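Below is one structure, written out as structure tokens, with a few remarks after it.
Nothing here was measured: the structure is a model prediction, and the numbers come from that model. Just so it is clear, the values below take in all heavy atoms, side chains as well, and ignore hydrogens, waters and symmetry mates.
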Amino acid sequence: MAPSVSPARSSCFRPYGDFSCLSILSQAARRNRVTLIAGLSLQEKRLRNAALVFAPDGSLIQSYNKQHLLSPYENSYTPGKDLALLETGATASAGIVICKDMDFLLPSREYSQQGTGLLLVPALDFHTDGWLHARIAILRGVEENVAVVRAAQWGLLTVSDSRGRLQGTVPVSNQDETSLLAKVQLGSGYSLYSLQGDWLAWLCLFGTSLALFRLKRK
């Protein structure tokens, strides 16, 4: 699979069954023979921050709704609950995540627990936080043993492996088009943290608290 990830989020409204706004994306996937993941503000019966996946033949094969919404800007949106998996080979799969979702343990950890080796992340940053927000996503990939492909409007395009090594990064300017072509080794998921939980973090917190308590007594 050769995925192409577009930033979140353009607006797409589909009242009365009008599918014309999605035809451009379908045609782009078919014309370039890629799996296209597009971040959209999608209005159907409800307003969703969604990532739609188009196969190389142009068909819509998967969708994912952002779970962690940004208040107050997304208060009118409906959060998602489900994962969205894509098969990338005989034994590998990729997961879809959107922007702020990568700031939280879930859903990344749930993907890792299923052996997902790659996260595809349409995103939107606010210019000044682009570097930091990209690094949080890279760290999450290390934590969950997955490669991360992240495309952020007003931020950075980044491709990193499961050890946090950058395979490519390009700033997204105000130009009409920015692209990055990179090859990355997939992780295997099933990290120590996804399998064993946060016991190490809690142990560190306990040890720090104990050390501070002893210093105070002295």
Side-chain angles (χ1 to χ4, degrees), residues 1-10 25 28-29 32-41 49-54 56 62 64 66-68 70 73 83-86 88-89 92-109 111-112 116-189 191 193-194:
M1 181 182 77
S4 175
V5 184
S6 74
R9 53 190 156 71
S10 302
L25 297 170
N32 294 286
R33 299 179 182 179
V34 297
T35 300
L36 175 63
I37 298 93
L40 298 169
S41 180
N49 188 337
L52 303 184
V53 183
F54 296 87
Q62 187 59 278
Y64 169 84
K66 184 179 180 184
Q67 297 187 17
H68 298 280
L70 180 61
Y73 306 104
L83 304 181
L85 287 167
L86 297 176
T88 59
S93 62
I96 311 299
V97 186
I98 295 177
C99 199
K100 192 174 176 63
D101 287 338
M102 292 296 281
D103 294 345
F104 296 83
L105 291 177
L106 303 179
S108 301
R109 179 158 296 182
Y111 282 118
S112 176
T116 301
L118 173 66
L119 293 180
L120 303 169
V121 190
L124 187 149
D125 294 329
F126 296 98
H127 301 289
T128 56
D129 69 337
W131 184 91
L132 176 61
H133 212 187
R135 265 53 187 182
I136 293 174
I138 293 170
L139 178 61
R140 189 105 303 138
V142 175
E143 182 181 71
E144 307 303 344
N145 193 20
V146 298
V148 178
V149 175
R150 184 176 185 270
Q153 184 178 353
W154 304 337
L156 298 173
L157 305 184
T158 56
V159 178
S160 58
D161 66 15
S162 61
R163 296 297 179 264
R165 295 171 294 210
L166 274 172
Q167 307 302 301
T169 180
V170 175
V172 180
S173 65
N174 292 325
Q175 301 178 84
D176 292 336
E177 181 177 326
T178 304
S179 62
L180 170 64
L181 180 63
K183 178 183 283 189
V184 64
Q185 181 68 39
L186 302 187
S188 61
S191 72
Y193 293 103
S194 66

Step-by-step side-chain contact (heavy atoms from CB on, under 4.5 Å) determination, Thr169 to Leu180: CA-CA 7 Å; Thr169 180; Leu180 170 64; 5.6 Å; no
Criterion side-chain contact (heavy atoms from CB on, under 4.5 Å) on Ser162 and Gln185, from CA distance to verdict: CA-CA 8 Å; Ser162 61; Gln185 181 68 39; over 6 Å; no
Trace of the side-chain contact (heavy atoms from CB on, under 4.5 Å) decision for Thr35 with Leu120: CA-CA 11 Å; Thr35 300; Leu120 303 169; over 6 Å; no
Test log, rule side-chain contact (heavy atoms from CB on, under 4.5 Å), inputs Ile37 and Val149: CA-CA 11 Å; Ile37 298 93; Val149 175; over 6 Å; no
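Closest approach of Ser112 and Ser191 over heavy atoms only: OG-N, 3.6 Å. The nearest pair of heavy atoms linking Thr158 to Ala134 is CG2-CB, 4.1 Å. Taking each heavy atom of Ser188 and Asn145 in turn, the nearest pair found is OG-ND2, 2.9 Å. Shown here for Val121 and Val148, the closest heavy-atom pair between the two residues is CG2-CG1, 4.1 Å. Nearest heavy-atom pair across Leu157 and Ala152 is CD2-N, 4.0 Å. Nearest approach of Leu36 to Ala28, heavy atoms of both residues: CD2-CB, 4.3 Å.
In this structure, Arg150 pairs ionically with Asp125, as a charged nitrogen and a carboxylate oxygen lie closer than 4.0 Å.
Note: Ile96 CD1 to Asp101 CG = 11.5 Å, rounded to the nearest 0.5 Å. Note: Gln62 CD to Leu52 CG = 10.0 Å, rounded to the nearest 0.5 Å. Interatomic distance, CG of Leu124 versus CD1 of Ile98, reported as 11.5 Å (0.5 Å rounding). Interatomic distance, OG of Ser160 versus CG of Leu119, reported as 9.5 Å (0.5 Å rounding). We find the CD1-CZ distance between Ile138 and Arg165 to be 12.5 Å, quoted to the nearest 0.5 Å. Here the CG atom belonging to Leu106 is positioned 11.0 Å from the OG atom belonging to Ser194, to the nearest 0.5 angstrom.
Counting heavy atoms from C-beta on, the side chains of His133 and Cys99 come closer than 4.5 Å. Looking at heavy atoms from C-beta onward, Glu144 lies out of side-chain contact with Thr116 at the 4.5 angstrom threshold.
More than 12 heavy atoms of other residues, nucleotides or ligands lie within 6.0 Å of CG in Leu132, so this atom counts as buried by the packing criterion.
Looking at Ser108, its side chain never comes within 3.5 Å of a backbone N or O of Met102 through a donor-acceptor pair.
Ring orientation note: the planes of Phe104 and His68 are close to parallel, at an angle under 30° on the 30°/60° scale. The aromatic rings of Tyr64 and Tyr111 sit tilted, their planes meeting at an angle between 30° and 60°.
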